[in-house]
J.: 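The structure's right below; bear with me while I get my questions together.
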Amino acid sequence: MSEGVEAARAILRANDRGGYTVPAARLYPFQWNWDSGLVAMGWATFDEARGWQELETLFRGQWADGLVPHIVFHAPSEDYFPGPEVWGTRGALVPTSGITQPPILASAVQAILASSEKRPAAEARAAGLYPRLLASHRWWARARDPAGTGLVASLHPWETGMDNSPSWDAPLARVPTETTTPILRRDTGHVNAAERPRGTEYQRYIHLVDLFRGLGWDARLMLAQSPFRVADIGTNAILLRAEHDLLALARRFGSPAEAAEIVARIPPAEQAIGRLWSEADGLYLSYDLTADAPIAVPTASGLLPAFAGLRPHAARLAATLAAWSEAVAWPVPSTPPSSPLFEPQRYWRGPAWPSVNWMLADGFARLGKEGAARALAASTVRMILGGDFHEYFDPRDGTGLGGADFSWSAAVRLLLAKFPRA
Ligand code: GLC
């Protein structure tokens, strides 16, 4: 039951750079937004103060307008491209990227607070973070859903956290491959190129960075002019869950007006996500905001409304999870093996990811699907241990892929300890 717990703690300690944790030593040498949410919860299982510090350090990169960047470059490193000079942002006290990532931070704060054994200290740390979280959720509403549709837009595949998901193939194909920045990939020097995004995808990623930099990172211009504009089902589900968690924090630390503001955002989000349900696929789909059409490419992201606690299709979602889990030895495949786009070793096109598995185990447990949650938690722990805490895993045989001694894999191992049998 406690197998691997010490090893997981040791990985977090080894990846600690003094107040923040790098996802992996050389592959990702800075602080990443949603990794830090998971990592903070992981730290808090054995060192609460360090868990809070992880989030406080991340928020040093928050912009005046509320954006929480996807990378905070606390200290220079030659190991990663694109570094701060390519982003050319000026929004925060420390150098940062200019795009964001799925907003899991309010959920991390609420989770650490809820299971805290150091009450007064935890209340004080959560109270300090609350205004930052509120500003970040206001940024999402204002910058990414100014029309109030209930769905927020992601403007770069990196913002979805699932960089080369096959869901982005069609929307990304509209992005030109020309870049003004010379591309000096470092990732393929650290891990096998067959496990990473392809070259043309990378050119398009950098084209978008060049475009946004040219727009001065102006949120309004970026939304209007980005050739890549999707309502990612994962991001929207995570944000909906985070709104509920932020609401709990607002009732404790905020004003009635703030709580009312958050309450008002929830039903439109629920309804808009509800419209992304695909009866034929048994899960939710992302939406291409430029083409104004659903993206008919099922991925594990479409199961994440379970993390948001959405009840209407919970039983069918659990059935889809079960079917996908039966099709592989090590669930959850990021793309189902039945899909012609399934590539079991290439990043977000097939491998199983600890981060996604944790959100699904947590979500299905809250929806009362205890059996499904516990089975997934148990297999995920075995997968992480068998694959040596790698970044992601081949769902056919559990081979660990990508970066080794990965922080969120360690954090997820610690978080899953709360599931009996895991
Ligand atoms: C990759 C992943 C992203 C993650 C980052 C750091 O870019 O796609 O989700 O946050 O690595 O681990």
Side-chain angles (χ1 to χ4, degrees), residues 23 28 30-37 58-74 80-92 94-105 132 135-146 151-165 167-168 171-172 174-176 179-181 183 187 197 201-236 238-239 242 286 288-290 301 347-348 355:
Y28 301 115
F30 308 109
Q31 189 176 21
W32 261 258
N33 178 331
W34 76 325
D35 297 62
S36 283
L58 180 74
F59 275 110
R60 287 176 51 199
Q62 186 172 32
W63 290 17
D65 69 355
L67 168 91
V68 186
H70 96 298
I71 307 175
V72 182
F73 301 105
H74 295 289
Y80 183 82
F81 173 86
E85 62 296 338
V86 177
W87 293 92
T89 63
R90 289 179 306 273
V94 273
T96 69
S97 74
I99 57 173
T100 191
Q101 257 188 339
I104 201 168
L105 304 171
R132 305 292 209 144
S136 144
H137 284 222
R138 283 178 171 164
W139 174 86
W140 274 104
R142 195 178 55 241
R144 296 308 178 82
D145 183 23
L151 292 176
V152 293
S154 297
L155 305 182
H156 194 297
W158 290 341
E159 288 203 318
T160 70
M162 306 192 185
D163 313 11
N164 67 339
S165 160
S167 293
W168 314 144
L172 191 64
R174 280 185 220 118
V175 178
T179 64
T180 49
T181 301
I183 296 186
D187 58 330
E201 284 161 342
Y202 234 84
Q203 289 170 271
R204 295 185 159 105
Y205 299 157
I206 299 302
H207 178 97
L208 289 169
V209 174
D210 286 341
L211 171 71
F212 299 154
R213 190 185 57 243
L215 297 174
W217 300 104
D218 178 298
R220 201 176 43 85
L221 296 178
M222 285 166 64
L223 183 66
Q225 294 189 28
S226 177
F228 182 92
R229 199 169 35 207
V230 299
D232 168 31
I233 185 59
T235 298
N236 279 280
I238 291 166
L239 179 58
S286 291
D288 187 333
L289 294 168
T290 301
S301 198
Y347 218 36
W348 290 99
S355 47

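Just so it is clear, the structure is predicted and the values come from calculations on it, not from any experiment.
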J.: Would you please indicate yes or no on a ring centroid separation below 6.0 angstrom for Y347 and W168?
T.: no

J.: Look up atom CG in D35 and atom OG in S355, then write down how far apart they are to the nearest 0.5 Å.
T.: 8.0 Å

J.: Just verifying a value: how many Å separate Q101 CD and H156 NE2, rounded to the nearest 0.5 Å?
T.: 11.5 Å

J.: On a heavy-atom basis, which atom in T235 and which in S154 lie closest, and how many Å separate them?
T.: OG1-OG, 3.8 Å

J.: As an exercise, state the distance from CG of N33 to CG of L67, rounded to the nearest 0.5 Å.
T.: 8.5 Å

J.: Between P23 and F30, which heavy-atom pair has the shortest distance, and what is it?
T.: CD-O, 3.2 Å

J.: If you define the side chain from C-beta out and look only at heavy atoms, does anything of I71 sit under 4.5 Å from Y28?
T.: no

J.: Assess the residue pair W32 and Y80 against the criterion (ring-ring contact (aromatic ring centres under 6.0 Å, His included)); give the C-alpha distance rounded to whole Å, side-chain angles, the decisive distance to 0.1 Å, and a yes or no.
T.: CA-CA 13 Å; W32 261 258; Y80 183 82; 5.2 Å; yes

J.: Indicate yes or no: at least one non-hydrogen side-chain atom of W139 is less than 4.5 angstrom from one of T100.
T.: yes

J.: In the structure I gave you, are the side-chain heavy atoms of S136 and Q62 within less than 4.5 Å of one another anywhere?
T.: yes

J.: Any side-chain heavy atom of F59 sitting closer than 4.5 Å to one from L105?
T.: yes

J.: Which atoms form the tightest heavy-atom contact between D163 and W348, and what is the distance?
T.: N-CD1, 3.4 Å

J.: Nearest 0.5 Å please: distance from the CD atom of Q225 over to the CG atom of L211.
T.: 6.5 Å

J.: More than 12 foreign heavy atoms under 6.0 Å from CZ of R90: is that the case here?
T.: no

J.: Can you list the residues that meet the ring-ring contact (aromatic ring centres under 6.0 Å, His included) rule with W140, with sequence neighbours excluded?
T.: none

J.: Work out which heavy atom in T160 is nearest to a heavy atom in P102; give both atom names and the distance.
T.: O-CG, 3.4 Å

J.: Any chance you could measure I238, atom CD1, to S301, atom OG, to the nearest 0.5 Å?
T.: 7.0 Å

J.: Could you tell me whether the side chain of W63 reaches within less than 4.5 Å of the side chain of T96, counting heavy atoms only?
T.: yes

J.: Hey, could you give me the OG1/NE2 distance between T181 and H207, rounded to the nearest 0.5 Å?
T.: 11.0 Å

J.: I'd like to check V175 versus P227 (side-chain heavy atoms, cut-off strictly below 4.5 Å). Are they in contact?
T.: yes

J.: Considering non-hydrogen atoms only, spot the tightest contact between F81 and Y202 and give its length.
T.: O-OH, 3.8 Å

J.: What heavy-atom pair brings F228 and P157 nearest, and what distance separates the two atoms?
T.: CE2-N, 3.7 Å

J.: Does anything in residues 211-234 pair up under salt bridge (Lys or Arg N to Asp or Glu O under 4.0 Å), and if so which pairs, sequence neighbours excluded?
T.: D210-R213

J.: Side chains of P103 and V68: does their closest heavy-atom pair fall under 4.5 Å?
T.: no

J.: Does R144 reach the side chain of M222, with side-chain heavy atoms less than 4.5 Å apart?
T.: yes

J.: So, are D288 and R174 salt-bridged, with charged N and O less than 4.0 Å apart?
T.: yes

J.: Looking only at atom types and distance, does a side-chain atom of R142 sit under 3.5 Å from a main-chain N or O of D65, one as donor and one as acceptor?
T.: yes

J.: Going by atom types only, do S36 and Q31 share a side-chain donor-acceptor pair under 3.5 Å?
T.: yes

J.: Kindly determine whether H70 and W87 satisfy ring-ring contact (aromatic ring centres under 6.0 Å, His included), including the steps that lead there.
T.: CA-CA 12 Å; H70 96 298; W87 293 92; 5.5 Å; yes

J.: Looking only at atom types and distance, does a side-chain atom of E159 sit under 3.5 Å from a main-chain N or O of L155, one as donor and one as acceptor?
T.: yes

J.: T179 side chain to I206 main-chain N or O, any donor-acceptor pair under 3.5 Å?
T.: no

